[in-house]
Amino acid sequence: MSTTDRSNGMIPSRWWDSDILYRFRRSPVAVVSGIVTIALIAAAIGADVIAPFDAFDPATANVIDARLPPGSEGIYGDIYLLGTDPQGRDMLSAMIYGLQTSLVVGLSSIALAAFVGVLLGLLAGYFGGMLDALIMRIADVQLSFPAILIALLIDGVTRTALSRETHERLAVPILIAAIAASFWVQYARTVRSLVLTERGREYVLAAKVTGVSTTRILASHILPNVLGPVLVIATINLALAILTEATLSFLGVGIPSTQPSLGSLVRIGNEFIFSGDWWISACPGALLVILSLSVNLFGDWLRDALNPKLNA
Amino acid sequence: MGFLISRLGQTILVLFVAAFVSFALFRYVGDPVNNMVGQAASLADREAMRQALGLDDPTLLQFGRFVGQAVQGDFGISYRFGQPVAQLLAERFPATLELSIVAMIIATGLGIPLGVWTALHRGSWIAQALLTLSLIGVALPTFLIGIVLILVFSVWLGWLPSFGRGEVVSIGGWTTGLLTWTGIKALILPSITLGVFQLTLIMRLARAEMLEIMRSDFIRFAKARGLRRRTIEYGHALRNTLVPVVTIVGLQFGNVFAFSIIVETVFQWPGLGLLIIQAIQFADVPLLAAYLVLIAFCFAVINLAVDVLYAWIDPRVRAAGMGRSAA
């Protein structure tokens, strides 16, 4: 064990200081899953640069090149590394853009869920009483329903209630809201229980006595102290949110199939597996598994690394 | 008693909210009259229809009527199938229940023994491999498992059918695929797909429980008494492991029900899940409204039953519940 990093008995001033980096370097699973996650996020951000073809530009798709197996050459001499889809779109490019959609939907829905959950958790924990009872009752009830079912029903009801054009236009925000609505409970519960212990601490009392406003106490005194666990839940939930998006899009009730997401790409490919064109669904499927597995493993590692009970 | 009343209140609230959303969908999405009469109907006819359906009554009265009809199982006619919704749901229900039960039998039948085995052979490489596999199992989305199974066993090997229920036998209105060879063959891939996630969950849970029990004092004393290892492991430890595991299995049934929607879509399994996905895609409002109420009812009843059972088994839950409702 390295003496400079750990055994000097000093408590790091911030949790992301040397200790966590040390643990990171020591865990091969964390390093590999972390690198893969970052690489995939980078690929999604740089989709316009990295993708060999523009998945949104109909001009690059050529119907004559439809459903070519991986490594084929198109009629204009283009090489399709992972084959083409039924519209003659390059699979690799579609997947990179699909990755972008999946990550955007996953990250935004987790951000929204965390925001709502943390806010409600802070309010419930700090004020208690009727507000607390109401919020926690709703959370209890919601927790008794599977998350995917809630997301599916919210999406289904809005889809039915809105006209087709309106829904097509709002599909992505609605999907984000539906997934967020099915994930906020965990944040609210965790933050509430943390706030219950924090609100009796001296620093909160001191702030109260010196006349700091309640909003300020919540936002700049208590909030920073409950963010650690929130971050861990968010990382673990990200994999789940990505899978939920993919599942809903696969079922045909998420992202419309005109827009590539990993789930909708698998959906398109699913119609062609009987004619032996396995790559159309297998390639985006494999990418989805790699993404969710690496995010999952990284989240698990982060949870263990930040949990002092397991470190002993 | 206080605990029971608060739980019952919660259940009724859930049902009320579900009924309200369902009513709002039913009443305000699209025009119910337009959906029932043809294009040629005159304005006077429409008005008469409107009167006859009671659509001009106060909203509260209409909601009351909707709930009254729902209690009697009357949810109107499906837009897409032209059949009474209640009849459609009843026809599709056996397929979903059969799929869910077989999936759970596979998951528990394999999950518990594998979990116990990996706990007892902690150091072996097979146990390590199984644990790693179960980790990957969590990251695998259900629909992909289904697609891969179809690709391998239906498309490439041609052993098993990839869609439908096969031949079904009707026994007093209940259709079952378990009595015909094609029915059983059709059930294999969907039930494995639905069971995989539960299998990994049950396996890891059984392993964790078993490890916990093996560390407890009564096992140590049993060892000190010189009992045979097999007796300790399979007699004493296993029996105590099963209690929490079986509870979780019961609680997971709701999840299996939800995930059957995905499996039914992949395998075109003619159950409730496929029906509801099609209802969403075709904006079949009466069907969706009825499904909402049905799902809320099922989950509310299951959760109420589980809570009551817990309170009955464990007095501490009762006390905690009362403390919360008093606060």
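Just so we're on the same page: letters track the sequence lines, and every chain starts at 1.
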**Selection from B:Ile277, B:Thr265, B:Ile147 maximising heavy-atom pairs under 4.5 Å formed with chain A** =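 Counting heavy-atom pairs under 4.5 Å, the top option is B:Ile147.
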
At what distance, to the nearest 0.5 angstrom, does [atom1] of [X] lie from [atom2] of [Y]?
X        : Y        : atom1 : atom2 : answer
A:Ser281 : B:Leu151 : OG    : CG    : 7.0 Å
B:Asn255 : A:Leu149 : CG    : CG    : 9.0 Å
A:Leu153 : B:Ile261 : CG    : CD1   : 7.0 Å

**Message:** side-chain contact (heavy atoms from CB on, under 4.5 Å), that's the test. Do B:Leu135 and A:Asp300 meet it? Break it down for me.
**Reply:** CA-CA 11 Å; B:Leu135 248 175; A:Asp300 273 354; 4.1 Å; yes

**Request:** Please look at A:Asp155 and chain B and tell me whether the side chain, the backbone, both or neither of the residue comes under 4.5 angstrom of a heavy atom of that chain.
**Result:**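 Neither part, no heavy atoms under 4.5 Å.
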
**Message:** What part of A:Leu240 gets within 4.5 angstrom of chain B, counting heavy atoms only: side chain, backbone, both, or neither?
**Reply:**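 No part of A:Leu240 comes within 4.5 Å of chain B.
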
**Item:** Pairing residues for B:Phe93 by the ring-ring contact (aromatic ring centres under 6.0 Å, His included) criterion, not counting sequence neighbours
**Value:** none

**Request:** For B:Gln128, look at atom CD and say whether over 12 heavy atoms of other residues, nucleotides or ligands are found less than 6.0 Å away.
**Result:** yes

Measuring heavy-atom distances to chain A, does [X] have an atom under 4.5 Å in its side chain, in its backbone, in both, or in neither?
X        : value
B:Tyr291 : side chain
B:Leu292 : side chain
B:Ile262 : both

**Message:** Please identify, among A:Ala147, A:Gly263, A:Ser292, A:Ala286, the residue contributing the most non-hydrogen atom pairs under 4.5 Å to chain B.
**Reply:**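 Highest number of pairs under 4.5 Å: A:Ser292.
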
**Asked** Where do A:Val289 and B:Pro141 come nearest, in terms of heavy atoms and distance?
**Response**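 Looks like CG2-CD, 4.1 Å.
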
**Message:** I need the contact set between residues 244-253 of chain A and chain B: heavy-atom distance under 4.5 Å, sorted by residue number.
**Reply:** A:Ala246, A:Thr247, A:Phe250, A:Leu251, A:Gly252, A:Val253

**Request:** Just do the side-chain contact (heavy atoms from CB on, under 4.5 Å) check on B:Phe143 and A:Leu288 with the steps written out, would you?
**Result:** CA-CA 12 Å; B:Phe143 68 91; A:Leu288 179 62; 3.8 Å; yes

